[in-house]
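Some notes on the structure that comes next.
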Amino acid sequence: MIICEDVASLKKLLKDYRNNHKSIGFVPTMGALHAGHLALIKQAKTENDIVVCSIYVNPTQFNNANDFTFYPRTEKEDALLLEGIACDVLFLPSKEEMYPYPVHTKFSFGQLEEVMEGKQRPGHFNGVALIVSKLFHLVAPDHVYFGQKDLQQCAVIKQLIRDLFFDMQMNICATLREEDGLAMSSRNKRLNTEERAIAPKLFEALCLAKTLLLENKTPIAEVKQKTNHFFEKIPAFKLDYFEIVETDTLMPINTIDLTKPTSLCIAAYVGEVRLIDNISLFL
Ligand code: AMP
């Protein structure tokens, strides 16, 4: 695996691959890699000649200084994991490489920014779009890979690719979970033993809501109420939101339409750590 720490060497390397007609798959990450990340890279390996993974904890997408400070950083272990699955290139830039001067360009994603993560984390998707655009320009991949775990991020990036004519195909990969159902996440590393033990309640609540909606035909308002009660009984949890949305637009719905893809999305603090998760209603 070749490790590039600066933009110039990455560009030169990738230009050589492109001149040799190699297809490039790209997986952007913030590191502290787990099996969910590795699944994206493995999928990219099957569909491209060369796979590039980037690891960069992007400051502009954090709207909470503590979250940025305490975000796990495990570059050495990450590099070993990537070597182990034969990733071809690791891009590991510094802040000076990615933000050599202050950026003033702003992105707006309309309605997508007014719900869930967009509403709870002002400026978050602007920061995501900024770093992803920079990385897309540098890597110029044929295929990019993102996780369904970050459903709203997928919607924002899909819109970004379409709006800005980025010439690449986007692939969305299923969420990988621990055996107890907890969605794998770099932030799980920050949970203490007690928090880790109750964190799967997030997925449990989603599954419970899905059963209520599909099997018991419980109305959405009542399902939301029951989900709120579910978390009120667990003091270590603070529910940020629980939404039932149309998967394509991410707009919250009031009644279930069996013909439209629908997702259940949740965000909650477990102690100091904010976790998100989602499942499809009909799959
Ligand atoms: P992150 O490092 O959290 O920015 O994630 C990098 C990429 O990995 C994003 O596209 C995430 O959606 C994806 N990802 C994170 N967790 C998982 C998971 N449990 N299963 C599948 N993909 C994931």
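Numbering starts at 1 and runs along the sequence shown. Just so you know, ligand 1 is whichever comes first in the structure, and atom 1 is the first atom listed for that ligand.
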Hey, what polar pairs (N/O, under 3.5 Å) does ligand 1 make with protein?
residue	atom	partner	partner atom	Å
ligand 1	2 (O)	Met30	N	2.9
ligand 1	2 (O)	His37	NE2	2.9
ligand 1	5 (O)	His37	NE2	3.4
ligand 1	10 (O)	Gly147	N	2.9
ligand 1	12 (O)	Gly147	N	3.2
ligand 1	12 (O)	Gly147	O	3.2
ligand 1	12 (O)	Asp150	OD2	2.6
ligand 1	16 (N)	Met184	O	3.4
ligand 1	19 (N)	Leu176	O	2.9
ligand 1	19 (N)	Met184	O	2.8
ligand 1	20 (N)	Leu176	N	2.8

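- Under the 4.5 Å side-chain criterion, counting only non-hydrogen atoms from C-beta, Leu151 is in contact with Gln148.
- Between Glu117 and Ile276 the shortest side-chain heavy-atom distance falls below 4.5 Å.
- Under a cutoff of 6.0 Å and an axis angle of 45°, Lys95 and Tyr56 do not form a cation-pi pair.
- The cationic group of Arg187 does not satisfy the cation-pi geometry with Tyr269, failing either the under 6.0 Å distance to the six-membered ring centre or the 45° limit from the ring axis.
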> Do Asp150 and Gln152 pass the side chain to side chain contact (heavy atoms under 4.5 Å, CB included) test, and can you show the C-alpha distance, the side-chain angles, and the key distance before you say yes or no?
Replying inline: CA-CA 6 Å; Asp150 297 281; Gln152 198 167 2; over 6 Å; no
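- Considering only heavy atoms from C-beta on, Ser280 stays 4.5 Å or farther from Thr247 through its side chain.
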